[in-house]
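Below is one structure; the comments refer to it alone.
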Amino acid sequence: MHDVLPRARKSRSLTVLALAAGFAVAGCEANLGKANFPRSTGPAASAGSAAPVDTKAYDSAVLRLIDPCSLIDKNALSAFGAPDDPSVSSTTFEECRNSVKDPGGKAVKISVQVGDLVLGVDSKSTGTIEGLPQVEDKTDDTYCTVSAVTSTKPANVGISFEITYVGGDPCQVGRSLLAPTLKKIRETPVKYPAAKGSLLALDPCAIADDATVNSLAPSAKASPVTLHDCQWTGNPVGLTVAFHKGQPPIEGDGYSKVDLDGVTGFQKLTSTTSAECTVEWQQRPWQDDQVEISRVTYSNRDANKATDDPCGKAAKLAKNVVAKLPKA
């Protein structure tokens, strides 16, 4: 899941935040190992701060900069057993995963996404946690997603933990992680290092001119997919703007060069049945051999790619975005 763009969604209703643990988080941490995570018979009452919480700490502009691996490092997971080192996604800024061996030797697989699209909030909301709406989605006895909704407009976006725990209670793990995670973000956030010209801080839903968007997809509405990925949904035309990381874009595998007003982009027809084209280009170096990448897509499901010129239209959107990006 972590290495596919756009992010491949599991067939799950992402809901905001899991129920808080049926014990106070601070008290629970000391007993988690001894308890060996027995299955719970049902969700307990929400835990979290009793005092009013400043939810501005969870604004999208703040969360875009958070290093997700800091939320599931060895210190964060030590109460669960013996944790490994966290592993950041190779393609997205907002995801990290880790694993823990519980005291009984069973593996607990943990993934966190900062800025997840949370689905099913109305039907699966379970209260509040640290001042935020919470939701829990248990797929089966071994897999559970717990989320805290940090933003509701124009879409429900939040912080989600996906837990796989064979032989234990995955929802209980997610619940016990959520409150301390929110507290850490609020009080001692660990952010990515600042870098000139980085895409990290940019809102993908606000980067393109309305006039350009409307000329390509009249009446399309913008909605975040993640904090770094936005889509405009229209009928029949849709657009996306996304910022991610990966290997430098190159020619080949269907990609060809395209000039974006002085910036070299790479375009590719991405559908065999409709008019759809993706254009991407490098922004700046990231870490190791990776770079920051901007990607836009134009899609018209009712048009023929031979007559609609999807790559020309994707390039038009790309040029508008290029003009707005900070200089690296």
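All heavy atoms count here, side chains included; hydrogens, waters and symmetry mates do not. For reference, positions follow the sequence shown, starting with 1.
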Contact summary for [X] and [Y], nearest pair of heavy atoms:
X: L77; Y: P83; answer: CB-CB, 3.8 Å
X: T240; Y: Q231; answer: CG2-CB, 4.0 Å
X: V258; Y: A315; answer: CG2-CB, 4.4 Å
X: R64; Y: L227; answer: NE-O, 2.8 Å
X: S219; Y: N214; answer: N-OD1, 4.4 Å
X: A155; Y: L117; answer: CB-CD1, 4.1 Å

> Yes or no on side chain to side chain contact (heavy atoms under 4.5 Å, CB included) for C171 and R175, after CA distance, side-chain angles and deciding distance?
Replying inline: CA-CA 6 Å; C171 293; R175 296 174 197 143; 3.6 Å; yes
Is there a donor-acceptor pair under 3.5 Å between the side chain of [X] and the backbone N or O of [Y]?
X: Y58; Y: L182; value: yes
X: D203; Y: C205; value: yes
X: D59; Y: A61; value: no
X: T128; Y: G131; value: no
X: T92; Y: S89; value: no
X: Q283; Y: G197; value: yes
X: Q282; Y: I250; value: no
X: D140; Y: Y143; value: yes

Might you confirm whether atom [atom1] of [X] has over 12 heavy atoms from other residues, nucleotides or ligands at distances under 6.0 Å?
X: K324; atom1: NZ; result: yes
X: D210; atom1: CG; result: no
X: K184; atom1: NZ; result: yes

Under-4.0 Å salt bridge between [X] and [Y]:
X: R186; Y: E130; result: yes
X: K268; Y: E280; result: no
X: K74; Y: D85; result: yes

> Testing T278, L269, T297 for side chain to side chain contact (heavy atoms under 4.5 Å, CB included) with P310, which one passes?
Replying inline: L269
>> So, applying side chain to side chain contact (heavy atoms under 4.5 Å, CB included) with V112, which one of L71, I163, T181 is it?
In response: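 Looking at L71, I163, T181, the match for V112 under the side chain to side chain contact (heavy atoms under 4.5 Å, CB included) is L71.
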Looking at side-chain heavy atoms only, is the closest gap between [X] and [Y] below 4.5 Å?
X: R284; Y: K196; answer: no
X: V296; Y: W281; answer: yes
X: K106; Y: Y165; answer: yes
X: V157; Y: D116; answer: no
X: L325; Y: L202; answer: yes
X: H228; Y: H244; answer: no
X: P224; Y: P154; answer: yes
X: I110; Y: F161; answer: yes

> Between W232 and Y298, is the gap from one ring center to the other below 6.0 Å?
Replying inline: no
Same hydrophobic cluster for [X] and [Y], using side-chain heavy-atom links shorter than 4.5 Å among ILVMFWY?
X: L199; Y: I293; value: no
X: V263; Y: F243; value: yes
X: W286; Y: F266; value: no
X: L260; Y: V213; value: yes

> Would S160 and V118 satisfy side chain to side chain contact (heavy atoms under 4.5 Å, CB included), going step by step from the backbone distance to the final call?
Replying inline: CA-CA 8 Å; S160 294; V118 182; 4.2 Å; yes
Interatomic spacing from [atom1] in [X] to [atom2] in [Y] - rounded to 0.5 Å:
X: N300; Y: D309; atom1: CG; atom2: CG; result: 12.0 Å
X: K245; Y: S198; atom1: NZ; atom2: OG; result: 11.0 Å
X: D67; Y: C96; atom1: CG; atom2: SG; result: 7.0 Å
X: F93; Y: I66; atom1: CZ; atom2: CD1; result: 14.5 Å
X: Q267; Y: C311; atom1: CD; atom2: SG; result: 4.0 Å
X: I159; Y: L63; atom1: CD1; atom2: CG; result: 5.0 Å

Compute whether any side-chain donor of one residue and acceptor of the other, for [X] and [Y], lie under 3.5 angstrom apart.
X: T226; Y: Q113; result: no
X: T212; Y: S215; result: no
X: D209; Y: N320; result: yes
X: T270; Y: E276; result: yes
X: S99; Y: D84; result: yes

>> Using the rule given for side chain to side chain contact (heavy atoms under 4.5 Å, CB included), can you reason through N235 versus R301, listing the C-alpha separation, both sets of side-chain angles and the distance that settles it, and then say yes or no?
In response: CA-CA 9 Å; N235 186 17; R301 63 178 177 271; 2.8 Å; yes
>> Is there a side chain to side chain contact (heavy atoms under 4.5 Å, CB included) between R295 and D229? Walk through the geometry before answering.
In response: CA-CA 9 Å; R295 184 189 73 245; D229 191 337; 3.7 Å; yes
>> Could you walk me through whether S256 and E251 satisfy the side chain to side chain donor-acceptor pair (under 3.5 Å) test, starting with their C-alpha distance in whole Å, then the side-chain angles of each, then the deciding distance to 0.1 Å, before giving a yes or no?
In response: CA-CA 5 Å; S256 59; E251 284 188 291; 6.0 Å; no
